[in-house]
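As a basis for the values below, the full set of heavy atoms in this structure was taken, side chains included, without hydrogen atoms, waters or symmetry mates. Starting from 1, each residue takes its place in the sequence as its number.
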Amino acid sequence: MSFPQQKALDSTTWLLTDGRAGNVRQAAALARALGVAAPVTPGLDPAAPWRWLAPRRLPGAARALGPAFAAALAGTIPALAIGCGRQGALATRLVGARGARTVQVLDPRIDPRHWDLVVAPSHDRLRGANVVPMLGSLNPVDDAWLADASARFPALLALPRPRIVLLVGGPTRHAPWTTAALQVLLARLRERMRAEGGSLLATVSRRTPAAVAACLREGLRDMPGLLWDGAGDNPYAGLLACADRLVCTPDSVNMLSEACATAAPVFVLDPGCAGGRIGQFLGALQDRGRVRAVGDGSLPSFAAPALRETTRVAAEVRRRLWPQPVDGDGASRC
């Protein structure tokens with residue numbers, strides 16, 4: 001089978017998630033990398049008891065995800081369904097049973113044979129003939145995305161260089177970094193900027209504790225740059241686009257993946273505190289030379305080829321689901 005006409009794929013690709021921002025972002029990033037401009041997003045409204053055991057198919061599973069999805073399932077089935085998260089995995093199973101090609105993003109925690117392809121982080125160690133491993137997570141960050149962000153946030157690119165951008169999440173059980181470590185880093189960065197110039201910018205996430213946000217406000221006080229503390233328009237894309245250096249806390253695979261998809265050197269605050277899967281991911285990034293620890297805060301430049309796993313995964317999805325026919329002499333016909 002050849003790759004479907006793009007117009008048909010645009011109109012018959014479904015994105016199936018539980019609505020959580022991280023899951024929506026990964027599914028949408030894969031659709032974008034496949035060239036799908038306008039995917040359909042049937043709403044999922046998971047109900048008990050099915051949502052507790054998703055993606056396992058219990059009796060009556062067609063009703064598991066709410067009336068809107070049930071109605072969509074009874075209509076025209078898409079050419080491709082992309083799911084992310086456990087509820088999305090159940091939805092893609094149901095759509096796949098009706099004949100759609102299915103791609104599940106993230107480990108569904110059951111046998112991957114229930115989907116055409118499963119795209120899972122390497123640190124999950126999921127194995128199977130239809131498993132496409134990736135380093136980190138899917139995201140939309142590429143040259144076009146960064147160029148668009150630059151155009152939307154010109155004021156950030158007008159700030160004095162070097163522009164150091166802090167992406168701050170929150171301490172977790174597997175990455176218990178401390179506010180004290182952040183305070184030490186901010187003090188060193190302030191000293192450096194007084195001596196050498198530049199700008200200091202930072203953004204928080206939904207998981208950032210109030211004490212950490214207060215630490216950032218104090219650390220960035222009277223410095224060229226900005227702090228986005230959750231109020232007003234989110235300049236996150238512009239921060240990635242303008243950064244000469246990126247500094248990340250060690251708690252978020254998504255945040256680290258997006259930072260590494262830029263061309264800026266990425267430094268991590270206290271990477272040694274991270275364990276479990278996030279620790280394995282950080283170790284893989286360090287082994288590649290893509291990230292370094294913040295060290296003494298001098299943040300020396302280093303070669304930082306952009307990590308563009310989404311582009312690679314999309315190419316693999318095309319290759320596996322829609323292989324190009326081959327002529328008798330072994331050449332592909334496009």
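Not a single donor-acceptor pair under 3.5 Å links the side chain of W50 to the backbone N or O of P55. A donor-acceptor pair is defined here as one N or O able to donate and one able to accept, closer than 3.5 Å; such a pair exists between the side chain of D251 and the backbone of G170. In this structure, the side chain of R57 does not engage the main chain of L90 through any donor-acceptor pair within 3.5 Å. Checked by atom type and distance alone, the side chain of R190 pairs as donor or acceptor with a backbone atom of R221 at under 3.5 Å. Although no hydrogens or angles enter the test, the distance criterion places a donor-acceptor pair under 3.5 Å between the side chain of S199 and the main chain of P160. A donor-acceptor pair is defined here as one N or O able to donate and one able to accept, closer than 3.5 Å; no such pair exists between the side chain of R25 and the backbone of N139. Remark: side-chain polar atoms of N130 are paired, donor with acceptor, to backbone N or O of P112 under 3.5 angstrom. Although no hydrogens or angles enter the test, the distance criterion places no donor-acceptor pair under 3.5 Å between the side chain of T13 and the main chain of A31. Side-chain atoms of D244 come within 3.5 Å of backbone atoms of R163 as a donor-acceptor pair (strictly under, hydrogens ignored). Looking only at distances, no side-chain donor or acceptor of Q87 sits under 3.5 Å from a matching main-chain atom of T17.
R245 forms no cation-pi arrangement with F267, by the criterion of a distance under 6.0 Å to the ring centre and an angle within 45° of the ring axis.
No side-chain donor from either of T41 and W14 sits under 3.5 Å from a side-chain acceptor of the other. Remark: the N234 side chain and the W228 side chain contain no N/O donor-acceptor pair separated by less than 3.5 Å. In this structure, a donor-acceptor pair under 3.5 Å is present between the side chains of S137 and N254.
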**Request:** For the pair E191 and R194, evaluate salt bridge (charged side-chain N to carboxylate O under 4.0 Å, His left out) and give the outcome as yes or no after the intermediate values.
**Result:** CA-CA 5 Å; E191 290 177 8; R194 288 193 184 102; over 6 Å; no
**Asked** Which is it for L299 and R192 under the side chain to side chain contact (heavy atoms under 4.5 Å, CB included) test, yes or no, and what are the steps along the way?
**Response** CA-CA 10 Å; L299 309 184; R192 171 182 171 172; 3.5 Å; yes
**Message:** With side chain to side chain contact (heavy atoms under 4.5 Å, CB included) as the criterion, how do C248 and L269 come out once you've worked through the C-alpha distance, each side chain's angles and the decisive distance to 0.1 Å?
**Reply:** CA-CA 6 Å; C248 298; L269 178 71; over 6 Å; no
**Request:** Would you sort out whether L307 and S257 count as a side chain to side chain contact (heavy atoms under 4.5 Å, CB included), showing the intermediate values?
**Result:** CA-CA 8 Å; L307 181 66; S257 297; 5.8 Å; no
**Item:** CA sep, side-chain torsions, deciding dist, call: V165, Y236, side chain to side chain contact (heavy atoms under 4.5 Å, CB included)
**Value:** CA-CA 10 Å; V165 174; Y236 177 74; over 6 Å; no
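Within 6.0 Å of atom CZ in R207, more than 12 heavy atoms from other residues, nucleotides or ligands are found, so the atom counts as buried in its surroundings. Open room surrounds CG on D233; 12 or fewer heavy atoms of other groups in view lie less than 6.0 Å from it. A 6.0 Å sphere centred on CZ of R125 holds no more than 12 heavy atoms belonging to other residues, nucleotides or ligands.
Of the inter-residue distances, the one linking R51 atom CZ with L53 atom CG reads 10.5 Å to the nearest 0.5 angstrom. To the nearest 0.5 angstrom, L186 atom CG is 12.5 Å from R217 atom CZ. Atom-to-atom distance recorded for L80:CG and L117:CG is 9.5 Å, nearest 0.5 angstrom. Note that the CG atom of L44 and the CZ atom of F69 stand 6.5 Å from one another [nearest 0.5 Å]. If you take CH2 on W145 and CZ on R32, they are separated by 9.0 Å, rounding to the nearest 0.5 Å. For the atom pair L135 CG and R290 CZ, the distance stands at 11.0 Å (nearest 0.5 Å).
Under the 4.5 Å side-chain heavy-atom criterion for Ile, Leu, Val, Met, Phe, Trp and Tyr, V247 and V291 are members of distinct hydrophobic clusters. V204 and W177 fall within the same hydrophobic cluster, defined by Ile, Leu, Val, Met, Phe, Trp and Tyr side-chain heavy atoms under 4.5 Å apart, directly or through other members. The hydrophobic cluster containing L166 also contains L227, counting ILVMFWY residues as joined when their side-chain heavy atoms lie under 4.5 angstrom apart, directly or transitively. In the hydrophobic clustering of this structure, V184 does not group with L216; members are Ile, Leu, Val, Met, Phe, Trp, Tyr whose side-chain heavy atoms approach within less than 4.5 Å, directly or through other members. One hydrophobic cluster, built from ILVMFWY side chains closer than 4.5 Å, holds both L15 and V105.
One finds no salt bridge joining D142 and R308 here, because no Lys/Arg side-chain nitrogen approaches an Asp/Glu carboxylate oxygen to under 4.0 Å. A salt bridge is defined here as a Lys NZ or Arg NE, NH1 or NH2 lying under 4.0 Å from an Asp or Glu carboxylate O, and R86 with D18 fails to meet this definition. Taking the charged nitrogens against the carboxylate oxygens, E316 and R319 do have a contact shorter than 4.0 Å, which makes a salt bridge.
Within the 4.5 Å cutoff, the side chain of D229 has no heavy atoms near those of the T203 side chain. The shortest side-chain heavy-atom distance between V132 and V118 does not fall under the 4.5 Å cut-off. Side-chain contact between M193 and P224 is present, with heavy atoms from C-beta onward closer than 4.5 Å. Side chains of R98 and L73 form a contact here, defined as non-hydrogen atoms less than 4.5 Å apart. For the pair L256/I278, a side-chain contact is recorded, criterion being any heavy-atom separation below 4.5 Å from C-beta on. The side-chain heavy atoms of P108 and W115, taken from C-beta on, include a pair separated by under 4.5 Å. The side-chain heavy atoms of L30 and V313, taken from C-beta on, include a pair separated by under 4.5 Å. Using a 4.5 Å heavy-atom cutoff, the side chains of V131 and R127 are not in contact.
Of all heavy-atom pairs between V268 and P250, the closest is CG1-CB, 3.7 Å. The two residues G35 and R318 make their nearest non-hydrogen contact at N-NH2, 4.1 Å. The minimum heavy-atom distance between G238 and A149, with the atom names listed, is N-CB, 4.0 Å. Scanning both residues, A314 and A33, for their nearest heavy atoms gives CB-CB, 3.6 Å. Looking at every heavy atom in both residues, V95 comes nearest to L16 through CG2-CD1, 4.0 Å. In terms of heavy atoms, G169 sits closest to T249 at N-OG1, 2.9 Å.
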